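To keep things clear, I will list the structure first and then write my remarks on it.
Keep in mind that what you see is a predicted model, and the values were worked out from it rather than measured. Computed over heavy atoms, backbone and side chain alike; hydrogens, waters and symmetry mates excluded. The first residue of the sequence shown is numbered 1, and numbering continues consecutively from there.
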Amino acid sequence: MSRLVDRFSRSLSYLRLSVTDRCDMRCLYCMPEAGEPHEDRPEVLTFEEIHRLVRILCRLGITQVRITGGEPLVRRDLPILIGMLSKIDAEIEGRTDLSLTTNASRLAPLAWELKAAGLNRINISLDSLDPDKFHRITRGGRLSEVLAGIDRALQVGLTPVKLNTVVLRGINDDELSDLVEFAVSKGVTHRFLEVMPLGSVGIENRDRFVSAAEIRQIIERRYSLVPLPFQNGSTAQEFQMAGTTAQIGIVSPVSERFCSTCNRLRLSARGRLQLCLAHEDGVDLKGPLRQGWSDAELSDLILETAYRKPAGNHFAEDPEPVYQIAMSGIGG
Ligand code: SAM
Ligand code: SF4
């Protein structure tokens, strides 16, 4: 069977799977305070539809599936979907890594069920260690719930746990070393992300941008960082913290993009296969699925579409970047 490959000979092996556009937070850099327009329920893929599309995609070469959103844990009965997806390996005689990115507000009570259903590992967003600031950045999030979620994820073995921080000038750029210290104390990897100018909040976040080089300089005021070799398909420059076993990563989609080795596809909650974060191009799979297309027909449509994957983003070059695609809608 043909494999997923694009016109630049990049093999596509990583799927970001959004299971909902909805979220219980409204992070400054991701959603407007009033939220994004929500999908109607019939517009959202059912678990059976997601399972079928992911199985087809895995047959075509996807080996890593990361469940995301919106906030994936607001999708009711998510452990049932994880149970279904974790059986795909046996169905196709393959090997798929199943992970989740979450804001962790609902993680503590669900962590064990997620692990038991077959989830391998987890990334948790953590933008501040100060409860008031955390509340302000997420417009309503409670830090205590997230910290409980991190502890529970470690207890039940959803490892490696990775923490993500979007760095915002004048808001949390004074906390980077404290966040590193927190990650070291928990024995987890921490990743710092440049903010991307996406969605209806993109313009207002441009002035909050801190580059990867500056993030590194800030952290190096307290810690020595030794760069590690770049891993193909990774979006981060990884560093060893000198004198410890801990590592951190800096993700630079704007200043030093890793598009030439990008191996990602995205499937939205509404069943759209999206080729790149910063381009509208993609294809609706839900329509054909509901019209009764066969696996072979869907596979051909996916292969043809994936082949068109754009070369990369233009965040750095565009003087007035307006990417109307919201992260919450495309499986950020
Ligand atoms: N709700 C979950 C969460 O926050 O982890 C999963 C979805 S969220 C869209 C996935 C990741 O995208 C989070 O780590 C979040 O911080 C990041 N993100 C959202 N908007 C972003 C932006 N404009 N620039 C950079 N990262 C962003
Ligand atoms: Fe919700 Fe995640 Fe976006 Fe924050 S980053 S608003 S938690 S989807």
Side-chain angles (χ1 to χ4, degrees), residues 8 10 14 16 27-30 66 68 101 123 125-128 137 162-180 183 189-242 247-264 266 274-280 309-328 330-332:
F8 304 104
R10 292 174 297 194
Y14 183 133
R16 292 189 73 99
C27 300
L28 292 176
Y29 47 79
C30 180
R66 176 168 292 278
T68 174
T101 296
N123 282 17
S125 296
L126 178 67
D127 289 338
S128 176
I137 295 172
K162 288 188 180 166
L163 305 179
N164 289 339
T165 298
V166 176
V167 181
L168 301 168
R169 185 174 304 285
I171 299 184
N172 63 359
D173 54 345
D174 58 341
E175 276 196 75
L176 306 190
S177 295
D178 293 344
L179 285 158
V180 171
T189 299
H190 205 117
R191 290 182 153 198
F192 296 91
L193 288 78
E194 290 179 343
V195 66
M196 289 180 277
L198 288 174
S200 52
V201 292
I203 292 287
E204 65 203 64
N205 282 296
R206 261 187 322 170
D207 294 342
R208 298 178 174 138
F209 176 76
V210 183
S211 70
E214 198 181 337
I215 295 171
R216 180 174 172 182
Q217 273 172 11
I218 296 172
I219 296 172
E220 283 189 320
R221 286 184 205 143
R222 203 188 295 177
Y223 297 100
S224 295
L225 301 179
V226 182
L228 293 168
F230 178 70
Q231 307 276 331
N232 256 4
S234 168
T235 53
Q237 168 68 63
E238 309 279 354
F239 297 90
Q240 188 73 42
M241 313 248 311
Q247 294 182 359
I248 66 153
I250 303 182
V251 184
S252 53
V254 180
S255 70
E256 296 163 44
R257 45 179 194 221
F258 297 126
C259 302
S260 65
T261 57
C262 179
N263 60 358
R264 296 173 175 211
R266 293 179 152 78
Q274 184 96 26
L275 304 177
C276 171
L277 256 186
H279 291 264
E280 304 263 349
K309 185 172 156 74
N313 75 55
H314 300 283
F315 293 140
E317 295 89 335
D318 285 357
E320 275 302 320
V322 182
Y323 294 95
Q324 283 311 334
I325 311 167
M327 278 292 257
S328 57
I330 50 167

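- Expressed to the nearest 0.5 Å, how far CZ of R191 lies from OG1 of T165 amounts to 12.0 Å.
- Aromatic ring centres of Y223 and F239 lie farther apart than the 6.0 Å criterion allows.
- For the pair N172 and V167, the minimum side-chain heavy-atom distance is below 4.5 Å.
- At least one donor-acceptor pair closer than 3.5 Å links the side chain of K309 to the backbone N or O of L275.
- Atom OG of S128 is separated from atom CG of L179 by 7.0 Å, given to the nearest 0.5 angstrom.
- What you find for R10 and C262 is that their closest heavy atoms are CD-O, 3.5 Å.
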(Q) side chain to side chain contact (heavy atoms under 4.5 Å, CB included) for R222 and L176? Distances and angles first, verdict last. (A) CA-CA 10 Å; R222 203 188 295 177; L176 306 190; over 6 Å; no
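- Distance check: E194 CD to Y29 OH gives 14.5 Å after rounding to the nearest 0.5 Å.
- Across all their heavy atoms, F258 and A236 have their closest contact at CE1-N, 3.7 Å.
- Of the possible donor and acceptor atoms, one in the side chain of R169 sits under 3.5 Å from a partner among the backbone N and O of F209.
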Q) Would V210 and F192 count as a side chain to side chain contact (heavy atoms under 4.5 Å, CB included) if you check the C-alpha gap in whole Å, the side-chain angles of each, and the deciding distance to 0.1 Å? A) CA-CA 10 Å; V210 183; F192 296 91; over 6 Å; no
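- Put simply, the side chain of L225 reaches to within 4.5 Å of the side chain of M241, judged on heavy atoms.
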Q) Are V180 and H190 close enough, and set up right, to give a side chain to side chain contact (heavy atoms under 4.5 Å, CB included), and what steps lead you there? A) CA-CA 7 Å; V180 171; H190 205 117; 5.5 Å; no
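- Without hydrogens or angle criteria, N263 side chain to Y14 main chain gives no donor-acceptor distance under 3.5 Å.
- Shortest non-hydrogen contact noted between N205 and L28 is ND2-O, 3.0 Å.
- With contacts defined as side-chain heavy-atom distances shorter than 4.5 Å, the pair Q237/P227 qualifies.
- Looking at every heavy atom in both residues, Q247 comes nearest to Q240 through NE2-OE1, 3.2 Å.
- A distance of 10.0 Å separates CD in E220 from OG in S177, rounded to the nearest 0.5 Å.
- Taken to the nearest 0.5 Å, the CG atom of D207 stands 12.0 Å off from the CG atom of L168.
- Summarising the geometry, atom CD1 belonging to I248 is positioned 12.0 Å from atom CG belonging to L163; distances are rounded to the nearest 0.5 Å.
- Side-chain contact between R208 and D173: absent, with no pair of heavy atoms (C-beta onward) separated by less than 4.5 Å.
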Q: Show the numbers, then the answer: is there a side chain to side chain contact (heavy atoms under 4.5 Å, CB included) between D127 and E175?
A: CA-CA 9 Å; D127 289 338; E175 276 196 75; over 6 Å; no
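- Within the 3.5 Å criterion, the main-chain N or O of E214 finds a donor-acceptor partner in the side chain of S211.
- Annotation: side chain of T261 is in contact with side chain of F230 (closest heavy-atom distance under 4.5 Å).
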